[in-house]
2 protein chains.
Amino acid sequence: MNKIDITRIRRFHRTVTREAGVLDQSFLGRGRPLGLARVLNAIGRGITEVAAIRDYLGLDSGLMSRLLRGLEDEGLVSTTPAPDDARRRIASLTDAGQAEFDAYEDLSNTRAHRLLQNHPNAQALLDAMDLIASALGQHAVTFEEVDTRDSRAIWCLTQYFDELARRFETGFEVHLSKDPEATSMIRPQGAFFIALSDGLPVGCCGLKGHGDWGEVKRLWVAPSARGLKLATRFMDRIEATAHDLGQSVLRLDTNSQLPEAVAMYRRLGWTEIDRFNDDPYPDVFFEKRL
Amino acid sequence: MNKIDITRIRRFHRTVTREAGVLDQSFLGRGRPLGLARVLNAIGRGITEVAAIRDYLGLDSGLMSRLLRGLEDEGLVSTTPAPDDARRRIASLTDAGQAEFDAYEDLSNTRAHRLLQNHPNAQALLDAMDLIASALGQHAVTFEEVDTRDSRAIWCLTQYFDELARRFETGFEVHLSKDPEATSMIRPQGAFFIALSDGLPVGCCGLKGHGDWGEVKRLWVAPSARGLKLATRFMDRIEATAHDLGQSVLRLDTNSQLPEAVAMYRRLGWTEIDRFNDDPYPDVFFEKRL
DNA sequence: AAATTCATCTGACAATGGTCTGATAATCAT
DNA sequence: ATGATTATCAGACCATTGTCAGATGAATTT
């Protein structure tokens with residue numbers, strides 16, 4: 001371990017802590033203590049169950065209750081018992097609360113906006129942020145099954161095809177809006193999954209149904225999230241889903257120009273088979289019996 | 001401004017804030033409130049004047065005084081009046097204080113260490129951190145005149161030659177330890193500057209003395225700090241120093257494969273001249289009269 | 001020499017965040 | 001039905017942090 005490497009991390013940490021402090025100050029400028037602001041923001045971000053907020057912010061139940069009461073007294077939040085279990089309570093923003101939340105959002109967004117505008121290479125900056133956020137939050141990646149027309153799914157697929165176009169010089173011509181394959185990756189024929197890191201999509205993978213066998217399609221992991229074994233976790237999910245759908249065999253095609261992918265499939269117990277389609281791009285074909 | 005870009009920044013911010021909170025918690029584990037720990041760390045990092053600490057941590061003078069007293073009572077810190085102005089006070093760590101500071105350092109370092117070890121691409125992670133820290137702290141870059149044998153100067157020069165070796169396929173053979181040019185970039189013949197961002201070297205530039213004229217050498221800015229106009233600030237300093245040393249003309253050589261550099265010199269008022277040395281690498285030559 | 005300015009300190013006080021104990025009401029297990 | 005468990009709430013309490021006015025002693029200005 002290099003000494004200057006530690007210096008670099010420590011410097012990063014200090015800078016970013018200071019930045020966070022500045023934002024906290026600007027939040028305080030709205031005349032509300034930070035505790036209340038944090039709860040309001042959690043609710044605004046869609047964390048509505050009291051227990052979930054407490055967990056997210058790491059608060060004691062007594063303190064949580066008082067903060068919630070404070071927001072209610074201000075008329076920013078209202079709470080109702082959960083329909084299925086009246087012990088749990090659901091918090092939601094009133095109109096005034098929504099307005100306050102928006103004001104907080106504006107403070108953050110303005111700061112973010114200015115940071116990007118003042119930087120000579122905003123794209124590199126964003127990539128760097130993704131990389132770091134993924135590294136720090138690598139235990140927090142969740143998976144969600146979505147429709148292929150979900151906006152986050154489309155974002156992943158766009159990234160995926162962009163990357164293919166970059167790596168294969170022949171290019172790719174895909175019109176996602178009327179993608180003929182998309183419908184076969186929707187239940188009950190197939191399925192489509194995305195991986196989310198704190199709400200940001202960082203990967204996708206599809207299972208296309210062909211009756212009694214399934215085909216793995218469009219496995220993609222964002223560059224910032226590579227090395228975190230997301231692909232393996234995707235494949236676990238795909239296999240489980242294929243099993244549920246009554247498929248006994250999985251197949252997939254890939255390209256020898258992607259040696260990491262080929263090596264991974266071998267490691268996960270796939271066996272190479274003969275070409276099973278006439279797609280011009282792939283040149284390696286795999287199969288796995290469940 | 002793209003909406004998902006804002007999402008990405010916000011996600012980054014949340015992740016990093018959470019990370020900072022975790023470190024604060026581990027600091028609290030040493031049984032001392034955060035305020036005291038922060039003051040102790042500031043002193044350990046070399047911020048010794050009471051006013052400077054107050055400024056750095058953004059504290060009220062009353063609170064500052066009390067925290068300092070607390071550390072003194074614990075026997076971790078001692079204060080003395082400043083020799084030139086007995087109103088100001090200088091804080092310093094006692095042996096026990098140094099030991100405590102080291103313990104805090106260990107907590108941070110261990111965390112940093114583990115982060116790097118668990119990541120598939122530590123180098124990319126560090127580069128990303130540098131980029132972000134430079135972007136966030138772009139107003140905090142300071143310049144320092146140092147000897148060319150200073151360890152930070154050598155680090156910059158190593159980076160510089162590595163980069164040249166990468167950009168010019170012919171390669172570079174420089175032995176920094178017995179670099180014949182280094183001594184002519186030391187006073188009184190010349191000078192050498194480095195740029196520091198929160199303690200991390202992010203650039204360098206040398207002025208080599210040739211009697212009545214000076215030569216600009218080894219201007220380098222770290223990739224993470226490019227676009228922040230550091231090169232311009234270096235040149236301002238070099239010109240001022242050359243003037244002080246009684247040099248009336250500055251010259252430099254560069255290469256047409258570095259079009260950003262060539263464009264910058266033109267913008268700063270340099271005029272192209274004929275070759276003035278027989279170095280094989282450069283093919284463009286500039287002069288500026290002061 | 002007196003007045004002013006300055007850096008720090010002290011004491012009083014308020015706001016905030018955090019912890020704990022026990023109350024309440026809903027739900028679950030037996 | 002009874003007791004145990006669960007989620008939230010309320011009250012008491014303390015430590016920490018933040019704020020303010022004025023005191024002290026050193027330096028600077030007039």
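Proteins come first, then strands; the chains are lettered A, B, ... in the order of their sequence lines, and each starts at number 1. The structure displayed is predicted, hence computed values, not measured ones.
Interatomic distance, B:F101 CZ to B:T94 OG1, rounded to the nearest 0.5 Å: 13.0 Å.
For the pair A:R111 and B:I9, the minimum side-chain heavy-atom distance is 4.5 Å or more. Under the 4.5 Å side-chain criterion, counting only non-hydrogen atoms from C-beta, A:L34 is in contact with A:L28. Residues B:E19 and B:L115 have side chains not in contact (no heavy-atom distance under 4.5 Å, counting atoms from C-beta outward).
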Taking distance alone, no hydrogens or angles, what donor-acceptor pairs closer than 3.5 Å link side-chain atoms of residues 48-58 of chain A to residues at least two apart or in another chain?
from	atom 1	to	atom 2	distance (Å)
A:E49	OE1	A:R88	NH1	3.0
A:E49	OE2	A:R88	NH1	2.9

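Take A:T17 and apply the side chain to side chain donor-acceptor pair (under 3.5 Å) test, not counting sequence neighbours, and it matches no residue. Partners of B:N121 according to the side chain to side chain donor-acceptor pair (under 3.5 Å) rule, which considers only residues two or more places apart in sequence or in another chain, do not exist here.
Look at CG on B:L59: it is 13 Å from C1' on D:dT16, rounded to the nearest Å. Distance CG (A:D60) to P (C:dG22): 15 Å, rounded to an integer number of Å. The CG atom of B:L34 sits 10 Å away from the C1' atom of D:dT16 (whole-angstrom rounding). Atom CD1 in A:I53 sits roughly 13 Å away from atom C1' in D:dA7 (whole-Å rounding).
Considering only side-chain N and O atoms, A:R32 lies nowhere under 4.0 angstrom from the phosphate OP1 or OP2 of C:dT16.
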Steps toward side-chain contact (heavy atoms from CB on, under 4.5 Å) verdict (A:D130, B:F12): CA-CA 7 Å; A:D130 286 352; B:F12 166 77; over 6 Å; no
Steps toward side-chain contact (heavy atoms from CB on, under 4.5 Å) verdict (A:S108, A:L23): CA-CA 7 Å; A:S108 296; A:L23 190 63; 3.8 Å; yes
Sugar-phosphate or base contact per nucleotide [nucleotides 23-30 of chain C; S, B, -; heavy atom under 4.0 Å]: ---BS---
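Only B:S65, B:R66, B:R69, listed by number, bring a heavy atom of residues 63-81 of chain B to less than 4.0 angstrom from any atom of DNA chain C. Contacts between residues 37-50 of chain A and DNA chain C, defined by a heavy-atom separation under 4.0 Å, are absent.
No more than 12 heavy atoms of other residues, nucleotides or ligands shown are found within 6.0 angstrom of CZ on B:R149. Within a 6.0 Å radius of CG in B:D95, no more than 12 heavy atoms belonging to other residues, nucleotides or ligands are found.
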